[in-house]
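Working notes for the structure below.
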Amino acid sequence: MTRDAALFEFLCRMGDNTLVLGHRVSEWCGHAPVLEEDIALANTALDLIGQTQMWLGLAGEVEGQGRSADDLAMLRDVWDFRNVLLAEQPNGDFGQTMMRQYLFDQAHLLLLKALMFSSDDRVAGIAAKAVKEVTYHVERSGDTVIGLGDGTSESHRRMQAALDLLWPYVGEMFTDDAVSEVLAEAGIAPQPSSLRDAFDDAVREVMAEATLVIPDSRFAHSGGKTGVRHTEHLGHLLTQMQWLQRAYPGATW
């Protein structure tokens, strides 16, 4: 695999993660439990979509085939997406949404901090911009997980159920492959596995405060970031997200 091919795949992974999760979070707009959460979730979604524009925009440049960030977001099919499976999981209840958000945010922040020292100045520049937003995302989602986990018996039950459900999707974020090997050798991005210990330490601290028990399993669903396998949920999500551009090709505001 060439360096540019690996970089394109990596940039699609970064952009697809934020795009798919950003769309998922946006589904709460107008439906959140309280107004403050409605606004906060909408802002989080906007942050993630803004990061998508940067990652997929650079992916289009690296690919060199004239595709824009919008083209990559709206005109690819399910099997071309490279987001981790965690990002496409349904919102469920508010607790499940916030657990999914925290687990992703914590891994996302560690990766962005490492990317700030990338040998590719373009990647480092995007990471430096995104890390400011994601630092807040981690603080907010972590505090919410703690508040609900260590809250009422009902909120605790729901948060434990959310953790049990989503934990098997965590491991995929830290799996190495041919793409990560090429980029690590070039100093562009770290091997995902190198971030796992720091992630586990941070998560253990938050879950302890939340009085939640981390499942004793390293089983990990996989296939999302390689495009080999996605859940049925991604197809339904893309149907909603892409329908306007598919129905009216080339439509602009």
Side-chain angles (χ1 to χ4, degrees), residues 1-22 25 43-73 76 81-84 86-87 101-142 170 172-203 224-227:
M1 178 178 290
T2 67
R3 173 173 163 169
D4 279 352
L7 180 56
F8 174 73
E9 281 288 309
F10 174 75
L11 293 169
C12 284
R13 290 176 181 182
M14 296 297 292
D16 290 349
N17 281 338
T18 53
L19 174 64
V20 171
L21 186 58
V25 175
N43 285 332
T44 297
L46 287 171
D47 287 345
L48 293 171
I49 298 302
Q51 293 166 28
T52 298
Q53 186 73 31
M54 294 188 287
W55 291 122
L56 293 187
L58 181 54
E61 292 179 26
V62 171
E63 183 186 37
Q65 295 184 13
R67 289 200 288 181
S68 67
D70 287 343
D71 293 332
L72 290 170
R76 283 181 298 155
F81 272 74
R82 298 294 185 264
N83 59 279
V84 292
L86 177 66
Q101 191 67 39
Y102 170 68
L103 294 173
F104 177 83
D105 287 343
Q106 191 65 71
H108 194 198
L109 180 61
L110 292 169
L111 177 55
L112 290 173
K113 285 183 174 180
L115 292 177
M116 290 173 64
F117 301 96
S118 172
S119 62
D120 189 310
D121 291 340
R122 300 167 299 177
V123 171
I126 294 173
K129 293 178 181 178
V131 77
K132 299 174 185 177
E133 296 172 337
V134 176
T135 297
Y136 169 72
H137 293 174
V138 172
E139 180 181 342
R140 179 179 174 275
S141 60
V170 165
E172 184 185 16
M173 296 188 288
F174 302 99
T175 56
D176 302 333
D177 60 9
V179 171
S180 64
E181 182 177 351
V182 171
L183 297 184
E185 289 180 357
I188 295 175
Q191 287 277 32
S193 61
S194 68
L195 306 174
R196 184 65 196 258
D197 287 345
F199 173 85
D200 285 342
D201 289 344
V203 170
K225 70 179 186 180
T226 59

CZ (Phe104) and CG (Leu86) are apart, to the nearest 0.5 Å, by 7.5 Å

Nearest atoms (heavy-atom pairs only) where Val179 meets Ala6 = CG1-O, 3.4 Å

Taking side chain as C-beta onward, heavy atoms only, is Val170 less than 4.5 Å from Phe199?
-> yes

Is Glu63 close to Leu7 at the side-chain level, that is, under 4.5 Å between some pair of heavy atoms?
-> no

Below 4.5 Å, heavy atoms only, C-beta onward: do Arg122 and Val62 meet side chain to side chain?
-> yes

Run the numbers on Lys225 and Glu172 for salt bridge (Lys or Arg N to Asp or Glu O under 4.0 Å), then give the verdict.
-> CA-CA 8 Å; Lys225 70 179 186 180; Glu172 184 185 16; over 6 Å; no

Which atom names give the shortest non-hydrogen contact between Ala107 and Phe174, and what distance separates them?
-> CB-CZ, 3.7 Å

Identify the two heavy atoms, one from Cys12 and one from Leu56, that lie closest to each other, and give their separation to 0.1 Å.
-> CA-CD2, 4.1 Å

Sequence neighbours excluded, which residues qualify as ring-ring contact (aromatic ring centres under 6.0 Å, His included) partners of Phe8?
-> none

Is there a side-chain contact (heavy atoms from CB on, under 4.5 Å) between Thr226 and Arg13 once you walk through the steps?
-> CA-CA 9 Å; Thr226 59; Arg13 290 176 181 182; 4.1 Å; yes

Check whether any side-chain heavy atom of Ile126 sits under 4.5 Å from a side-chain heavy atom of Met14, and report yes or no.
-> no

Can you check whether Phe81's main-chain N or O pairs, donor with acceptor, with Asp16's side chain at less than 3.5 Å?
-> no

From CE (Met54) to CG (Leu11), nearest 0.5 Å = 12.0 Å

Side chain Asp47, main chain Thr44, donor-acceptor under 3.5 Å | no

What are the two closest non-hydrogen atoms of Ile188 and Ser118, and how far apart are they?
-> O-OG, 2.8 Å

Check for a donor-acceptor pair, side chain of Ser180 on one end and backbone N or O of Asp176 on the other, with a separation under 3.5 Å.
-> no

Distance in Å, Gln51 CD paired with Asn17 CG, rounded so as to fall on 0.5 Å steps | 10.5 Å

Distance from Gln101 atom CD to Leu48 atom CG, nearest 0.5 Å?
-> 6.0 Å

Close side-chain approach of Pro192 to Thr175, heavy-atom, < 4.5 Å = no

For Ser141 and Asp105, which heavy atoms make the closest approach, and how far apart are they?
-> OG-OD2, 3.0 Å

Does Ser119 reach the main-chain N or O of Ala186 with its side chain, forming a donor-acceptor pair under 3.5 Å?
-> yes

Can you measure from NZ (Lys113) to CG (Leu195) and round to the nearest 0.5 angstrom?
-> 11.5 Å

Looking at side-chain heavy atoms only, is the closest gap between Asp70 and Gln53 below 4.5 Å?
-> yes

Inter-residue atom distance Thr52.OG1 - Asn83.CG, 0.5 Å rounding | 10.5 Å

Should Thr18 and Ile49 count as side-chain neighbours, where that means a heavy-atom distance under 4.5 Å?
-> no

What's the shortest heavy-atom distance between Met1 and Val182, and which atoms?
-> O-CG2, 3.9 Å

